[in-house]
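Numbers here are sequence positions counted from 1. Just follow the structure's listing: the first ligand is 1, and inside any ligand the first atom is 1. These numbers come from a predicted model, not from an experiment.
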Amino acid sequence: MNDLLPKDSPAWQYLESTVQDILARYGYGEIRFPILESTHLFKRGIGEATDIIEKEMYTFDDRSGDSLSLRPEGTASCVRACEQHGLLYNQTQRLWYQGPMFRYERPQKGRLRQFHQIGVETFGFGGPDIEAELITLLARLWRELGIADSVTLQINTLGTSEARHAYRSDLVAYLESHKEQLDEDSQRRLTTNPLRILDSKSESTQRLLNDAPVLNDYLSDESVAHFDELKALLDAAGVSYVVNSRLVRGLDYYSNTVFEWVTTHLGAQGTVCAGGRYDGLVEQLGGKPTTAFGCAMGMERLVLLLAELHVLPKGLEQDVDVYITALDGGDLSVKKHAFGIAEQLRASLPSVRIVSHCGGGSFKNQLKRADKSGADIAVIIGETELEAGVVNIKSLRKDSPQQTISLDELPAYLKAELS
Ligand code: ATP
Ligand code: MG
């Protein structure tokens with residue numbers, strides 16, 4: 001679980017605001033829900049046999065003995081919140097959320113135990129049009145972030161749950177008969193979650209899969225038509241993609257369309273955004289059958305990628321512009337005066353970053369602090385300046401002589417100097 005230090009915050013703020021801006025432009029609204037939920041919600045929503053539920057959840061009993069879990073993802077919570085507040089009744093929704101998620105994983109680059117996602121969920125849209133809309137929104141996001149050339153879109157269709165069931169038994173029968181060639185994880189998954197074997201990293205397992213039955217042959221005409229329309233819409237929008245028939249995703253609730261945006265720039269943790277259709281989940285969680293499509297992006301991986309590709313805009317770390325020193329002779333008058341000037345400047349120059357010196361000390365010491373703050377200009381105020389209604393201006397970055405400016409002219413002077 002990482003701390004985020006002030007030097008890292010500007011990149012995060014830039015990423016978050018860019019994503020939020022694009023979501024707003026497409027008409028998506030923000031929803032916030034708690035970090036803790038009843039464990040039951042995730043077990044029912046995500047599926048007992050998934051990695052998340054089997055081994056990644058932070059679960060504990062609270063003081064009344066109720067089992068709670070830190071949310072490992074947002075989708076189940078989002079559905080719970082929407083149901084609870086009647087947002088899915090006779091209406092459609094385009095929603096997003098952001099925040100920390102928690103999974104007990106082996107920490108490594110791009111894989112943390114507390115990580116952050118921005119998730120997007122839509123409800124009440126059953127067709128490929130919403131899928132194309134969300135994927136196109138993401139393509140625009142990557143373009144605006146300057147990483148479009150470094151991420152690839154992979155798409156696949158998992159078909160309906162009936163198709164998957166038929167496929168699953170044939171796949172299991174085939175793999176059972178070659179069980180000794182499967183890696184250990186895949187052998188375990190044979191009984192718990194066999195479709196996950198398709199995206200196993202083991203080479204021998206992947207070789208074995210070359211001759212395995214393929215899900216494509218089990219799809220209903222309807223699923224095929226749905227997927228074809230999605231591809232046509234993406235073509236029309238100029239969004240390129242790769243069909244990866246082994247893309248299955250880790251969670252149980254997906255059906256038909258699934259997708260991932262992958263990069264080769266981050267090593268093994270290359271998926272920066274993943275999602276799909278989950279028409280069965282709302283009902284599974286106790287609601288009326290409701291179509292749903294969504295995704296989540298991994299913010300740590302995106303921040304890493306922005307840094308790796310050197311596409312963060314310059315000047316994100318906003319230094320201080322003006323540092324105001326106050327040299328009082330022991331009474332409060334200069335301090336009060338300087339304090340008032342700082343507040344007036346903040347009112348008249350809202351885009352200028354102004355720091356007031358706190359903690360007293362010698363003139364030399366205050367100027368040292370001013371320099372260290374990164375400010376361009378020090379405004380020097382002492383008893384003489386107070387009496388004369390002026391301030392002294394020292395340029396901290398340019399080699400220009402100190403100047404005396406009247407209080408009336410100060411805002412205009414600073415504005416001109418800093419522009
Ligand atoms: P992976 O295969 O990498 O474990 P996942 O299928 O478990 O991913 P999802 O549950 O789909 O991941 O979450 C969506 C995105 O959130 C991922 O594509 C990734 O960018 C990010 N993510 C997931 N788990 C972590 C983690 N432990 N640390 C950092 N980012 C993560
Ligand atoms: Mg995972």
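Both the backbone and the side chain of Arg111 come within contact range of ligand 1, each with a heavy atom under 4.0 Å. Heavy atoms of Gln117 found under 4.0 angstrom from ligand 1 belong exclusively to the side chain. Contact annotation for Val272 and ligand 1: only backbone heavy atoms (N, CA, C, O) come within less than 4.0 Å of the ligand. Of the heavy atoms in Arg249, only side-chain atoms (C-beta onward) come closer than 4.0 Å to ligand 1.
Taking the ring-ring contact (aromatic ring centres under 6.0 Å, His included) definition, one finds that Tyr104 meets it with Tyr58, sequence neighbours left out.
The option from Lys109, Glu105, Met101, Lys201 that lies nearest to atom 27 (N) of ligand 1, judged by heavy atoms, is Glu105. Across the listed options Glu73, Arg103, Met299, Arg103 owns the non-hydrogen atom lying nearest to atom 10 (O) of ligand 1.
No more than 12 heavy atoms of other residues, nucleotides or ligands sit less than 6.0 Å from atom NZ of Lys335.
Here the rule is salt bridge (Lys or Arg N to Asp or Glu O under 4.0 Å) with Glu133, and of Arg94, Arg140, Arg25 only Arg94 fits it.
Looking at Arg346 and Glu343, a side-chain N of the basic residue comes within less than 4.0 Å of a carboxylate O on the acidic one, giving a salt bridge.
No N or O atom of Met297 sits closer than 3.5 Å to an N or O atom of ligand 1.
Defined by atom type and a distance below 3.5 Å, a donor-acceptor pair is missing between the side-chain atoms of Asn156 and Ser245. Between Asp170 and Tyr218, the side chains place a donor N or O and an acceptor N or O closer than 3.5 Å (distance only, hydrogens not considered).
Atoms of ligand 1 lying under 4.0 Å from at least one heavy atom of Ala296, given by number and element, are 14 (C), 15 (C).
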